Amino acid sequence: MQNNHSAAQVLDQMHQAILQADFALLAGLAPALETAVASLGRSADASSLQAIQRKAARNAACLVAAGRGVRSAMRRLAEVQGAGTGLITYDGAGKRASHATPGQLARRL
């Protein structure tokens, strides 16, 4: 049972690292999780394994959400950087069109 608790504890530490965006700590916890899971063996009971599975699913969902957030921030940053190079419009069919603007706009921002 101690090994099961250990795996659950590492998953909780990983969850806190994800919430704090401490990806260096998260990477450092990966080997500890591998060791804890490998040591589970056949002695683990069903309820402990289900708890570990729930925590792993929670962490996976948090990582997916974090990935979406990072991609969204990258897109927004590209939009802001692109604003200085010209105006972007869309036609009635949703086709994107770029229009060059004077460099003065970029200097004002």
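This is a predicted model, so every value here is computed, not measured.
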Hits for side-chain contact (heavy atoms from CB on, under 4.5 Å) against Gln16, two or more places apart or cross-chain, chain-then-number order -> Leu19, Gln20
Exercise for review: Not counting sequence neighbours, which residues clear salt bridge (Lys or Arg N to Asp or Glu O under 4.0 Å) with Arg68? List them please.
Suggested key: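 Residues passing salt bridge (Lys or Arg N to Asp or Glu O under 4.0 Å) with Arg68: none at all.
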Task: Val10 vs Val37 side-chain heavy atoms within contact, under 4.5 Å - done: no
Point to revise | Flag side-chain contact, heavy atom, 4.5 Å: Leu11 against Leu29 | key: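 Answer no - side chains too far apart.
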field: Co-members of the apolar cluster containing Val70 [side chain, <4.5 Å]
entry: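 Under the 4.5 Å side-chain rule, Val70 groups with Met74.
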Self-check item: Pairwise side-chain hydrogen bond (donor to acceptor under 3.5 Å, both in side chains) hits with a residue in residues 55-64, at least two apart
Solution: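 Qualifying pairs, neighbours excluded: Asp12-Lys55, Asp12-Arg58.
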| Between atom OG of Ser72 and atom CG of Leu77, what is the distance when rounded to the nearest 0.5 Å? |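 Reported value, rounded in 0.5 Å steps: 11.0 Å.
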dist Met14:CE -> Leu25:CG (nearest 0.5 Å) comes out at 8.5 Å
(Q) To check you understand the geometry: which heavy-atom pair defines the closest contact between Leu33 and Ala7, and what is its length? (A)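 Shortest heavy-atom separation between Leu33 and Ala7 comes out as CD1-O, 4.0 Å.
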Which residue pairs satisfy the salt bridge (charged side-chain N to carboxylate O under 4.0 Å, His left out) criterion with at least one member in residues 14-25, sequence neighbours excluded?
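Not a single pair qualifies under salt bridge (charged side-chain N to carboxylate O under 4.0 Å, His left out).
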Original post:
Can you check whether Thr35's main-chain N or O pairs, donor with acceptor, with Ser39's side chain at less than 3.5 Å?
Top reply: yes
